[in-house]
There are 2 protein chains.
Amino acid sequence: MDLSDRKKKILSAVIETNVKSKKAEAVSSKQLQEEYLPKLSSATIRNELNALEEMGYLTHLHTSSGRVPTKEGYEKYISELMREKKLTTREKENIQSNFANKLISIRDIIERSAKTISKATNYTSIVYSGPSNRAVIKDIKLYPVSPTTQLVVVVTNENVINELTYLGTNNEDDLKSASDILKELFIGKPLSLIKNRDFRNKVVTKELTKYKTVFDRVLDIISAESNNISNNLSIAGKDKLMEYSEFNDIEKFKKAVSIFENHESLIPIFDNSDDLEVSINVGSDDTGLEDCSVIKITCNINDGTKITAGVVGPMRMDYSKAVSVLKEVAETIENTLNTEGDYDE
Amino acid sequence: MDLSDRKKKILSAVIETNVKSKKAEAVSSKQLQEEYLPKLSSATIRNELNALEEMGYLTHLHTSSGRVPTKEGYEKYISELMREKKLTTREKENIQSNFANKLISIRDIIERSAKTISKATNYTSIVYSGPSNRAVIKDIKLYPVSPTTQLVVVVTNENVINELTYLGTNNEDDLKSASDILKELFIGKPLSLIKNRDFRNKVVTKELTKYKTVFDRVLDIISAESNNISNNLSIAGKDKLMEYSEFNDIEKFKKAVSIFENHESLIPIFDNSDDLEVSINVGSDDTGLEDCSVIKITCNINDGTKITAGVVGPMRMDYSKAVSVLKEVAETIENTLNTEGDYDE
DNA sequence: TGTTAGCACTCAATTATAAAGATTGCTAAA
DNA sequence: TTTAGCAATCTTTATAATTGAGTGCTAACA
């Protein structure tokens with residue numbers, strides 16, 4: 001249903017006034033008249049507010065307080081009324097500067113992104129990286145330790161895996177030979193490839209089966225770690241939430257802190273995003289938080305890695321600013337990671 | 001000043017009852033009589049409480065509420081009255097199991113320690129590792145990227161450094177020769193050694209000065225990173241605090257969350273510990289938190305690394321349990337790290 | 001038909017007052 | 001030295017009264 005221009009103006013004004021207010025204060029007809037519509041009487045505005053309420057975009061806390069936007073009101077605003085806030089050059093530079101000057105690991109990228117977003121938006125930010133092909137094996141070494149224990153060290157350009165295990169032999173020469181074969185086979189290969197059973201079997205069976213136990217165990221360790229480092233989540237600005245009066249209720253705030261502290265439950269929300277564009281979920285229940293909104297954007301990296309960056313904030317949030325910041329960060333991430341592939345062996 | 005046995009018993013009873021209570025309730029003479037001293041009348045106990053108050057160990061919230069321990073009361077209790085709680089075999093195994101089965105990096109150790117402590121004590125835990133000699137250089141590679149940019153990759157057993165920089169040349173052969181020399185000089189050397197100017201000059205000037213620019217830049221990068229990874233702090237269980245009624249005041253809780261979220265200010269507290277033994281700071285102001293206590297213990301690793309593990313909790317805290325857990329964790333850390341040196345190349 | 005002034009009505013927020021309950025300090029007796 | 005008894009103190013809870021912001025509705029007006 002289409003709104004008259006005046007209704008649009010009033011709905012936007014209610015939302016923007018409410019968002020700006022420190023304490024989530026309801027917006028009264030008088031306030032709207034004084035600040036947005038001096039040519040109308042408050043009674044006229046009241047009529048309009050009433051109409052907007054009947055359409056479901058606004059609501060009442062009680063008979064005699066001003067209006068507050070509903071979930072539907074925010075959705076209408078986001079889809080039709082909101083104008084995207086242009087970032088200033090200074091803001092853009094500020095964001096970009098956080099990624100300048102270094103080639104960085106995925107872990108590094110998501111941590112920096114989360115911090116950057118939370119600083120720029122003043123909301124809590126979550127950045128998640130899906131399975132990645134970026135980690136490439138640089139070195140594999142096997143050390144004898146004791147008859148029943150050997151040390152496996154695998155170095156990638158993203159991290160170092162080291163794990164004690166039992167390889168079936170503690171003979172230094174055997175371990176040397178086995179690791180030489182492994183090195184020849186796998187150095188330069190992405191970690192994620194090792195998870196692929198077909199690839200493993202194809203490559204390994206060609207060789208001597210003498211070291212089968214060693215190979216299996218080492219490749220299992222690599223596979224496991226590959227799953228591990230490919231699921232990376234970073235949260236920044238957990239303390240931002242508390243600036244919003246929605247969380248002045250101590251129970252709500254405690255719940256929020258607890259959810260962010262034990263953040264496994266948040267992964268699914270950021271994992272299944274195929275969206276190229278910004279996605280906004282108003283009043284998202286999935287977070288486990290009441291009346292919170294989640295905005296997210298997915299970056300597609302050349303090598304197939306997907307990074308999803310988002311903010312979590314109160315439903316009453318500055319969507320426009322958040323969207324602009326997310327877009328800028330996403331673009332910066334893609335630029336940083338996609339122009340780099342050439343020389344990263 | 002020495003207390004009579006009865007006074008000792010009463011002071012301990014007040015503290016233990018207060019600590020056990022959910023809501024930091026003051027302890028009354030009647031309660032003490034019923035639960036600890038059935039043979040005395042409440043009036044007698046009141047007289048003793050009064051005496052203990054005059055000595056500074058207890059205080060009043062207002063005329064007609066029970067007694068609450070003061071900072072001095074806790075200190076007296078800790079130094080003279082408290083008996084250290086023995087952990088059960090099960091609790092010990094629980095702690096140790098968190099460190100089993102893997103050779104781990106310092107980062108890993110401090111994260112695991114913090115989680116373990118916070119789980120075992122139900123307080124927030126902070127673990128800090130001072131400068132370390134553990135990171136040993138495993139590989140150094142230099143890649144040409146563009147006339148003005150080269151990529152430096154340094155692999156250690158603790159992490160991977162990669163940084164874009166300008167090395168003065170983009171010639172592949174030159175970079176190869178330079179990195180070969182660097183590898184020969186530095187592989188197997190601890191990262192921390194590179195910071196040492198004397199060592200650098202001594203080792204590098206012996207060689208051709210042809211690659212001086214390259215050497216200087218690469219070693220600078222390593223030095224910088226060495227400073228970086230040697231100062232490691234991990235916090236776990238930030239949400240534990242909120243279970244204690246002291247933090248039901250939303251402002252206090254917010255402050256605590258904010259301090260833990262931006263934790264730089266906590267480093268000095270955990271950095272300057274020379275103590276081998278447990279140190280307890282009741283009502284520590286250094287944290288920026290009101291009426292909080294900090295308990296910490298320092299582990300000395302063979303290679304000179306110092307790891308300080310601690311808990312932060314309300315002044316009204318179970319000191320006995322916390323001390324036992326810290327001691328157990330410290331011992332486990334030392335065992336884990338000190339028996340491992342042999343086979344970690 | 002859309003706009004507006006005016007006024008009764010509603011309900012949260014604030015303030016005031018009273019009553020109940022827990023605990024102490026003190027006194028005097030055991 | 002210990003204890004019973006009691007007034008005094010101060011929090012907590014409950015209840016009531018007051019205030020004030022803001023709406024909804026009606027009737028008049030452009």
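Every chain is numbered from 1 and lettered A, B, ... according to where its sequence line falls, protein lines coming before strand lines.
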What's [X] touching, base or sugar-phosphate or nothing? Going by heavy atoms closer than 4.0 Å.
X     : value
A:N50 : sugar-phosphate
A:L40 : sugar-phosphate
A:S42 : nothing
A:T44 : base

### Query
When you match B:L61 and B:S41 each to their closest nucleotide on DNA chain D, which lands nearer the 5' end?
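On the 5' side of the pair lies B:S41.
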
### Message
If you assign each of B:K39 and A:S28 to its closest nucleotide in DNA chain D, which residue comes earlier from the 5' end?
### Response
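This one resolves to B:K39.
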
### Query
Taking the side chain of B:N47 as heavy atoms from C-beta outward, which of C:dT24, D:dT23, D:dT3 is closest to it?
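My answer, after comparing the listed nucleotides, is D:dT3.
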
### Task
Select one nucleotide: of D:dT3, D:dG24, C:dT24, the one nearest the side-chain heavy atoms of B:A43.
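Closest nucleotide among those given: D:dT3.
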
Salt-bridge contact [X]-[Y] (side-chain N to carboxylate O under 4.0 Å):
X      : Y      : answer
B:E246 : B:K252 : no
B:E91  : B:K321 : yes
A:E75  : A:K71  : yes

Whole Å only: how far is the [atom1] atom of [X] from the [atom2] atom of [N]?
X     : N      : atom1 : atom2 : value
A:E25 : D:dT23 : CD    : P     : 14 Å
B:L32 : D:dT3  : CG    : P     : 14 Å
A:L37 : C:dG2  : CG    : C1'   : 15 Å
A:L49 : D:dG24 : CG    : P     : 8 Å
B:K23 : C:dA22 : NZ    : P     : 15 Å
B:L52 : C:dT24 : CG    : C1'   : 15 Å
A:I45 : D:dG22 : CD1   : C1'   : 13 Å
B:L58 : C:dG25 : CG    : P     : 11 Å

May I ask you to verify if any side-chain N or O of [X] is less than 4.0 angstrom from the OP1 or OP2 atom of [N]?
X     : N      : value
B:R6  : D:dT2  : yes
A:H62 : D:dT23 : no
A:S29 : D:dT23 : yes
A:R46 : D:dT26 : no
B:T63 : D:dC10 : yes

### Message
Suppose we call a contact any N or O donor and acceptor under 3.5 Å apart; does that hold for the side chain of B:S64 and the base of D:dT9?
### Response
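Answer is yes: a donor-acceptor pair is held.
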
### Message
ring pair (Phe, Tyr, Trp, His ring centres under 6.0 Å), that's the test. Do B:Y319 and B:Y77 meet it? Break it down for me.
### Response
CA-CA 10 Å; B:Y319 293 93; B:Y77 173 76; 7.4 Å; no

### Task
Could you check B:K8, B:K9, B:R6 and say which one makes a salt bridge (charged side-chain N to carboxylate O under 4.0 Å, His left out) with B:E48?
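Answer after filtering B:K8, B:K9, B:R6: B:R6.
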
### Query
Counting distance only, does the side-chain N/O of B:S125 pair as donor-acceptor with the main-chain N or O of B:G310 below 3.5 Å?
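A pair under 3.5 Å: yes.
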
